[in-house]
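Okay, so here's the structure we're looking at.
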Number of protein chains: 2
Amino acid sequence: MVAPSLRARVRAGMIDEIKAVARRHLATDGANLSLRAVARDMGMVSSAIYRYFPSRDDLLTALILEAYDALGDAVEAADAGVDRADLRGRWHATCRAARTWALAHPAEYALLYGSPVPGYAAPEDTVAPASRPPLTLVGIIRDGFAGGRLDPPGAEPPEPVRSDVAELSALLAVDLPPSLLARGMAGWTQLFGLISFELFGRTNGMLPHRDEYFDHQTGLMADLIGLPAA
Amino acid sequence: MVAPSLRARVRAGMIDEIKAVARRHLATDGANLSLRAVARDMGMVSSAIYRYFPSRDDLLTALILEAYDALGDAVEAADAGVDRADLRGRWHATCRAARTWALAHPAEYALLYGSPVPGYAAPEDTVAPASRPPLTLVGIIRDGFAGGRLDPPGAEPPEPVRSDVAELSALLAVDLPPSLLARGMAGWTQLFGLISFELFGRTNGMLPHRDEYFDHQTGLMADLIGLPAA
DNA sequence: TCTCTTGCGAGAGCGGTGCTCTCATATCAG
DNA sequence: CTGATATGAGAGCACCGCTCTCGCAAGAGA
């Protein structure tokens, strides 16, 4: 690997700085990111930004990708920090990490999980990083089931749900009975529903003890899945 | 009540027409509603709109209020259409009505349940209509509990969740044990998490049978709550 | 070392946005 | 019939994303 030229390094630094400034604007001004304001903050004229990002949407896409990666990192690190056998502890740590990241980066979370930007279509590259949190969650369930510490719930879902979920199970390469994977997906849905409700102000006022409420609600889903305590 | 003057009636008609055109634009162009485009569509100049709505945000607020009411109407009508004793049937009908309305009005749903618009704070008048769907859901649970057909789950939530939820129970004037209300809120969170995931493209591709998947997932929450079949 | 290509920032400009102000007119009330 | 009021048009301000051109500086090749 050849050393990048000075020009290339300066360019990479500029791209990073633009993204950093844009992230700052995102945090203060919300989702309507202004290219001109970013340029002003950098002492540049707006057209100069187009040397680095072909359009505002491309800059947004870059921010979205990095946000997905940051969330994925946080979630996976939290899971990895708990004893592999402590399934319920891993579940709670994973859920909490997602919420903590979201509370620390509300604008970026809204970019990922809020209403899609009108003319904007998420490019293909986002699906892999976007699937890291749910994969972490089903990983916990897979470990429990493979280790014989997680009994599948009695009845399988009725057709055609059973086959749909079974196909998804094969696609994800997790060897789980559909009944169990369906419950895991319920936990996934619940997790981001909880975070969105809290962040978008749907539960404002009621429930003063938000941390504890969050833990209790994610615990209910752990119950539904059947995750045993450590 | 005195008959409204011609001017007043014309004015009310204008307001309605502006809202109708704005709703149409919302449906086609997404959330970034353009006042000027609405004015153009009505053969008016943009400044004339300001005779009827003091700002774009006020027009959005009016649309949001009407959307909340439409969703509330749909949800309550669905619940009312099922035999009072069929708790599980009511639960499913209510959930389905919310999803059906959302699929029919995706842009308005995104306005209600998507990321909050940056500079925009939801006015006080929205909290009452916004609470109609969750109140319908807890109403089903209340009926079941009051009728002795719904056993409270074993353990109460640990403090301070128990008292928070108990206070909420008093505020809503539903006489439910916190354990049960907490599960009802889990169902509420799950419902809108499911709809948001489906509408915002989070489950694209996987799960081809969306109706059946939705029913199964809301059924899981009915199980968690303990709602008996008819 | 000298040229010459390439990358980059500045600036002007286009059509769009929300919003304000002024002015003429149409409608209503007394 | 007259005076107050409500309404629409139009111009204009500051902002937006984006395009194009024009100098200038840095790197590459001879």
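These numbers were taken from a predicted model, which means no experiment stands behind them. Any value given below was found using the heavy atoms of this structure, including those in side chains, with hydrogens, waters and symmetry copies removed. Letters A, B, ... are given to chains in the order of the sequence lines, protein chains preceding strands, and every chain is numbered from 1.
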Sugar-phosphate only, base, or nothing, as touched by [X] at under 4.0 Å among non-hydrogen atoms:
X: Ile49(A); answer: nothing
X: Phe53(A); answer: nothing
X: Leu33(A); answer: sugar-phosphate

Quiz prompt | Sugar-phosphate or base contact per nucleotide [nucleotides 20-30 of chain C; S, B, -; heavy atom under 4.0 Å] | solution = BBB----BS--
To the nearest Å, give me how far apart [atom1] ([X]) and [atom2] ([N]) are.
X: Tyr52(A); N: dG9(C); atom1: OH; atom2: C1'; result: 8 Å
X: Leu35(A); N: dT17(C); atom1: CG; atom2: P; result: 18 Å
X: Arg56(B); N: dG16(C); atom1: CZ; atom2: P; result: 17 Å
X: Asp58(B); N: dG18(C); atom1: CG; atom2: P; result: 14 Å

Quiz prompt | Partner set under side-chain hydrogen bond (donor to acceptor under 3.5 Å, both in side chains) for Ser46(A), not counting sequence neighbours | solution =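 So Ser46(A) forms no side-chain hydrogen bond (donor to acceptor under 3.5 Å, both in side chains) with any residue.
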Quiz item: Do any N or O atoms from the side chain of Arg56(B) and from the backbone of Leu35(B) form a donor-acceptor pair under 3.5 angstrom?
Solution: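 Side chain of Arg56(B) to backbone of Leu35(B): no pair is present.
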Quiz prompt | Donor-acceptor pair, side chain of Trp101(A) and main chain of Asp73(A), under 3.5 angstrom | solution =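 It does not hold such a pair.
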Quiz item: Hey, is the side chain of Arg36(B) pairing donor to acceptor with the base of dG16(C) inside 3.5 Å?
Solution: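 Such a pair does not exist between side chain and base.
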Quiz item: Between Tyr113(B) and Pro133(B), what is the shortest heavy-atom contact and its length?
Solution: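 In terms of heavy atoms, the two residues are closest at OH-CG, 4.4 Å.
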Quiz item: Where along residues 10-27 of chain A does a heavy atom fall under 4.0 Å from DNA chain C?
Solution: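 Heavy-atom cutoff 4.0 Å gives Arg11(A), Met14(A).
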Quiz prompt | Trp188(B) vs Thr203(A) side-chain heavy atoms within contact, under 4.5 Å | solution =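 Yes, side chains in contact.
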Self-check item: Residues forming a ring-ring contact (aromatic ring centres under 6.0 Å, His included) with Tyr52(A), sequence neighbours excluded
Solution: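 Checked Tyr52(A) against ring-ring contact (aromatic ring centres under 6.0 Å, His included); zero matches.
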Practice problem: Assess the side chains of Asp58(B) and Thr61(B): does a donor N or O sit below 3.5 Å from an acceptor N or O? | Solution: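 No pair is found: no donor N or O on one side chain lies under 3.5 Å from an acceptor on the other.
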Exercise. Check the side chains of Tyr109(A) and Ser115(B) for a donor-acceptor pair under 3.5 angstrom, ignoring hydrogens and angles.
Key: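 There is no such pair (donor and acceptor under 3.5 Å, judged by atom type) between the side chains of Ser115(B) and Tyr109(A).
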Practice problem: Sequence neighbours left out, what passes salt bridge (charged side-chain N to carboxylate O under 4.0 Å, His left out) with Arg24(B)? Give chain and number order. | Solution: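 With neighbours one apart ignored, the set is Asp41(B).
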Exercise. Working to the nearest 0.5 Å, report the span between NE2 of His25(A) and CG of Leu33(A).
Key: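 It comes to 7.5 Å.
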Quiz item: Salt bridge or not for Arg96(B) and Asp211(B), using N-O below 4.0 Å?
Solution: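 Salt bridge: no.
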Practice problem: Could you list where the contact with chain B starts and ends along DNA chain D, reading 5' to 3', using a 4.0 Å heavy-atom cut-off? | Solution: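 Contacts span dT5(D) to dG12(D), reading 5' to 3'.
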